[in-house]
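Below is one structure. I have some questions about it.
When reading the values below, keep in mind they use all heavy atoms of this one structure, side chains included, and skip hydrogens, waters and symmetry mates.
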Amino acid sequence: ETAGILRQAASEKLSTAQETKKAQIEEFFHNCLSNITVISNNSSVIDALFHFGTAIDESGNLDEGRYDYYENELGNSLKQFISAYGYHNLALITKKGKIVYTFNREADLGQNVVTGRLKDTAIAKCFQKGLQNPVIQDFERYLPSGNQYVCFIGAPLVYEEEPAGVVIIKLKKDPVNTIVQRRKGFGKTGETYLVGKSDGNFAHRSDRIIYEGKFGDTVPGTLEKVF
């Protein structure tokens, strides 16, 4: 009887910790959507979209001098968003799909997400949905970011009541790991981890630290009841 009471108390404690983690993850992504909405409504971001668009031609070739000039003139406001919110990168994409600015100048700068090599990637999916509404695109490997897992969060840039493009922030796995891997109250062997469902497959959306399981690894068994 005593063992049963202790077992129930331990189970309730773990359940409470699990619900807390769930709430923290949901709040984090809710804040991400709020942040991207604030960024997309900033007039300086729309100005930057148009100006940086003149520094890259239709073939994706970069005019270094013009780009550097606009980065000095307009880049500080964009850098402030990265600094304030702690994201990995920020990109501006024209309504035709051309990436005209990236904070880290990754290899996708100048590429087109509609007609180019990126058309089947997560950033392309985020762009298409982001022309209409703020959106979160699930983590996928992204070659221009070192083939690391990246989550894309986008929102429309509107000029004179018409979509002018999309602003996208790139999120790596670190913030998610930070939340999920906190183990206070879990003893020596307890842990929580996040699982995502994509195309009918279940895979880790966080790195495990007690048992085997890395971000992106397939999760064995079925989790249909959970989803």
Which pair of non-hydrogen atoms, one from Cys126 and one from Val135, has the smallest distance, and what is that distance?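 Smallest heavy-atom distance, with atoms named: O-CG1, 3.7 Å.
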Salt-bridge present (Asp108, Lys170; N to O < 4.0 Å):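 Between Lys170 and Asp108 there is a salt bridge, with a charged N closer than 4.0 Å to a carboxylate O.
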Please name all residues satisfying side-chain hydrogen bond (donor to acceptor under 3.5 Å, both in side chains) with Ser77, sequence neighbours left out, ordered by chain then number.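 None.
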Around atom NZ of Lys21, are there more than 12 heavy atoms of other residues, nucleotides or ligands at under 6.0 Å?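 Counting neighbours around NZ of Lys21, more than 12 heavy atoms of other residues, nucleotides or ligands fall under 6.0 Å, so yes.
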What closest approach, in Å, do Ser206 and Val176 show between heavy atoms, and which atom pair accounts for it?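 Nearest heavy atoms, Ser206 then Val176: CB-CG1, 4.4 Å.
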Please determine whether side-chain contact (heavy atoms from CB on, under 4.5 Å) holds for the pair Val166 and Leu157, giving the CA-CA distance in whole Å, both sets of side-chain angles, and the decisive distance to 0.1 Å. CA-CA 5 Å; Val166 176; Leu157 294 171; 5.9 Å; no
One pair to check against side-chain contact (heavy atoms from CB on, under 4.5 Å): His51 and Glu73. What are the steps and the verdict? CA-CA 10 Å; His51 283 87; Glu73 292 293 313; over 6 Å; no
Who are the side-chain hydrogen bond (donor to acceptor under 3.5 Å, both in side chains) partners of Asn41, not counting sequence neighbours?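 side-chain hydrogen bond (donor to acceptor under 3.5 Å, both in side chains) check on Asn41 returns nothing, list empty.
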Members other than Ile209 in its cluster, when Ile, Leu, Val, Met, Phe, Trp, Tyr link by side-chain heavy atoms under 4.5 Å?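 Ile210, Tyr211, all in the cluster of Ile209.
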Under the ring pair (Phe, Tyr, Trp, His ring centres under 6.0 Å) test, which residues partner Phe215, sequence neighbours left out?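 Counting only residues at least two positions away or on another chain, Phe215 forms a ring pair (Phe, Tyr, Trp, His ring centres under 6.0 Å) with Phe139, Tyr149.
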Is Glu191 salt-bridged to Arg208, cutoff N-O under 4.0 Å?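 Arg208 and Glu191: salt-bridged.
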Suppose we screen for salt bridge (Lys or Arg N to Asp or Glu O under 4.0 Å). Which residues come up paired with Lys129, at least two apart in sequence or across chains?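 Lys129: no salt bridge (Lys or Arg N to Asp or Glu O under 4.0 Å) contacts found.
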Kindly state each residue pair satisfying salt bridge (charged side-chain N to carboxylate O under 4.0 Å, His left out) with at least one member in residues 23-52, sequence neighbours excluded.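 Listed once each, the pairs would be none.
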Name all residues meeting the side-chain hydrogen bond (donor to acceptor under 3.5 Å, both in side chains) criterion together with Asp68; count only those two or more places apart in sequence or in a different chain, and write none if there are none.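 For Asp68 the side-chain hydrogen bond (donor to acceptor under 3.5 Å, both in side chains) partners, ignoring immediate neighbours, are Arg105.
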Considering all heavy atoms, the nearest Ala48-Leu92 contact: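 The answer is CB-CD1, 3.8 Å.
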Once you round to the nearest 0.5 Å, how far does CG of Asn133 lie from OG1 of Thr37?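 Between atom CG of Asn133 and atom OG1 of Thr37 there are 9.5 Å.
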Would you name the heavy atoms of Cys151 and Ile136 that are closest together and state the gap between them?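 For Cys151 versus Ile136, the nearest heavy atoms are SG-CG2, 3.7 Å.
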Non-neighbouring partners of Phe127 that pass ring pair (Phe, Tyr, Trp, His ring centres under 6.0 Å), sequence neighbours left out: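 Applying ring pair (Phe, Tyr, Trp, His ring centres under 6.0 Å) to Phe127 gives none.
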With rounding to the nearest 0.5 Å, note down the distance linking CG in Leu62 to CD1 in Ile56.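 Taking CG in Leu62 and CD1 in Ile56, the distance rounds to 5.5 Å.
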Taking all heavy atoms of Leu118 and all of Pro144, pick out the closest pair and write down the distance.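 Heavy-atom minimum between the residues: CD2-CG, 4.1 Å.
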Does Leu143 sit in a hydrophobic cluster with other residues, and if so which ones, taking ILVMFWY side chains as linked at heavy-atom separations under 4.5 Å, directly or through other members?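 For Leu143, no cluster forms, as it stays isolated from other hydrophobic side chains.
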My understanding is that only residues two or more places apart in sequence, or in another chain, count here; which of them pass ring pair (Phe, Tyr, Trp, His ring centres under 6.0 Å) with Phe103?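 Here no residue qualifies.
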Crowding at CD, Gln24 (>12 non-hydrogen neighbours, <6.0 Å):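 Atom CD in Gln24 is packed in, count exceeds 12.
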Tell me the ring-ring contact (aromatic ring centres under 6.0 Å, His included) pairs involving residues 24-43, sequence neighbours left out?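 Listed once each, the pairs would be none.
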Salt bridge flag under 4.0 Å for residues Asp138 and Arg205: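 A salt bridge links Asp138 with Arg205.
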Results of side-chain hydrogen bond (donor to acceptor under 3.5 Å, both in side chains) for Ser145 - residues two or more places apart only: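 For Ser145, the residues satisfying side-chain hydrogen bond (donor to acceptor under 3.5 Å, both in side chains) (neighbours in sequence not counted) are Glu106.
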Quick one: are the ring centres of Tyr70 and Tyr101 less than 6.0 Å apart?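 Here the rings of Tyr101 and Tyr70 have centres that are no less than 6.0 Å from each other.
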Mutual orientation of the aromatic rings belonging to Phe152 and Tyr142 [parallel < 30°, tilted 30-60°, perpendicular > 60°]: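 Phe152 and Tyr142: perpendicular rings.
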Please determine whether side-chain contact (heavy atoms from CB on, under 4.5 Å) holds for the pair Asp207 and Gln181, giving the CA-CA distance in whole Å, both sets of side-chain angles, and the decisive distance to 0.1 Å. CA-CA 8 Å; Asp207 293 317; Gln181 290 177 353; 3.6 Å; yes
If every non-hydrogen atom of Leu131 is compared with every non-hydrogen atom of Pro156, which pair is closest and at what distance?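 Closest pair (atom of Leu131, atom of Pro156, distance): O-CB, 3.5 Å.
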We want to know whether Thr102 and Asn104 form a side-chain donor-acceptor pair, criterion being a heavy-atom distance below 3.5 angstrom.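 Absent: no donor and acceptor within the cut-off.
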